[in-house]
Amino acid sequence: MSFTQDLRKEAEPLFEKIYYHPFIQELKDETLSKEALIHYVKQDYEYLNAMIQTRALTMAKCSSRKEMALLNEGISFILNDESHPHHNFCDVAGVGYEELHGESLAPAAHHYSQLMLQTAASGTLGEALAVALPCPWVYLDIGKRLYEEIQGNKRHIFYPWISFYGAQEEPRINKTLEWLDKIAEQSTAKECESMRKLFMTGCRMEYMFFDMAYTQQKWPV
Ligand SMILES: Cc1ncc(C[n+]2csc(CCO)c2C)c(N)n1
């Protein structure tokens, strides 16, 4: 088994917990509250800014144009395409997308953003890639499962969100998986252990992010 296959296997219980979180289940059942949708988009817009900055910091650690191009693609994807699923949530909630920008980060989104930025700024290339890997991997898993469940029903109110993440012809993540596997092959056991821990924490933070939106988490003071 490759390094990333091992990671995926270890994270299986977390992927299950995420899929069965009420945020995802109510999204599937078209019963997710307007408040949860709005909280999610407000926080995710800011989180995606942190992800763009994370990718940019990671790019500074690359040694080849091919690697830089892959991270550049990731940044362009967030800048140009990730607004589509946000628009879907805003349309269902009946609010304008621009109204939701400029929010301050709630505890879970704050922790996740800081973890990614700090790792990309002061960690190794492998660590920076590992901490950012749950982000596309978890969404691909949720999207594919939901797409199957709704049987491609275009009348589902969250069809644009579900198809955006779940109906990718060639999953965008594959090149990153190959890249991280190559890095792991050339890394020491200690370095691999650090990548593994960061990946697992990233998976936990993906769970926490949905939970934050579902409970509309705020700073208590
Ligand atoms: C909390 C949170 N996690 C993951 C995504 C999904 N996502 C964000 S950027 C990106 C492209 C890969 O870097 C993908 C799939 C999200 N929107 N919000």
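Note that ligands are numbered from 1 as they come in the structure, with each ligand's atoms numbered from 1 the same way.
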Looking only at protein heavy atoms, which one is nearest to [atom], and what is the separation?
| atom | result |
| --- | --- |
| atom 12 (C) of ligand 1 | P136 CB, 3.9 Å |
| atom 4 (C) of ligand 1 | Y139 CE1, 3.1 Å |
| atom 18 (N) of ligand 1 | D44 OD1, 2.7 Å |

What atoms of ligand 1 come within less than 4.0 Å of a heavy atom belonging to [X]?
| X | answer |
| --- | --- |
| E82 | 6 (C), 7 (N), 8 (C), 9 (S), 10 (C), 11 (C), 14 (C), 15 (C), 17 (N) |
| L48 | 8 (C), 9 (S), 17 (N) |
| I78 | 9 (S) |
| R55 | 13 (O) |
| F77 | 11 (C) |

Check your understanding: Is there a donor-acceptor contact under 3.5 Å linking the side chains of T119 and E127?
Key -> no
Review point. Is the Y139 to F210 ring centre distance short of 6.0 Å?
Key: yes
Practice item. Using non-hydrogen atoms of the residue, decide whether F210 is closer than 4.0 angstrom to ligand 1. Key: no
Check your understanding: Does the side chain of L37 reach to within under 4.5 Å of the side chain of F158, using non-hydrogen atoms?
Key -> yes
Exercise for review: Begin with the C-alpha distance, continue with both residues' side-chain angles, and end with the deciding distance and a verdict on side-chain contact (heavy atoms from CB on, under 4.5 Å) for I150 and Y159.
Suggested key: CA-CA 9 Å; I150 70 163; Y159 177 81; 4.1 Å; yes
Practice item. Compute both the distance and the angle, then confirm whether R172 meets the cation-pi test with Y165: under 6.0 Å from the six-membered ring centre, within 45 degrees of the axis. Key: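 So R172 doesn't make the cation-pi contact.
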Review point. Got a second to check how far L71's CG is from T176's OG1, nearest 0.5 Å?
Key: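 Rounded to the nearest 0.5 Å, the CG-OG1 separation comes to 7.5 Å.
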Check your understanding: With under 30° as parallel and over 60° as perpendicular, where do the rings of Y207 and H21 fit, or are they tilted in between?
Key -> perpendicular
Point to revise | Proximity of W137 to ligand 1 by residue part, where a heavy atom lies under 4.0 Å | key: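 Neither part.
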Exercise for review: Verify side-chain contact (heavy atoms from CB on, under 4.5 Å) between F199 and E10, making sure each step is shown before the conclusion.
Suggested key: CA-CA 10 Å; F199 173 78; E10 190 180 342; over 6 Å; no
Exercise for review: Say whether E206, considering both its backbone and side-chain N or O atoms, lies within less than 3.5 Å of an N or O atom on ligand 1.
Suggested key: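 E206 vs ligand 1: N/O contact under 3.5 Å present.
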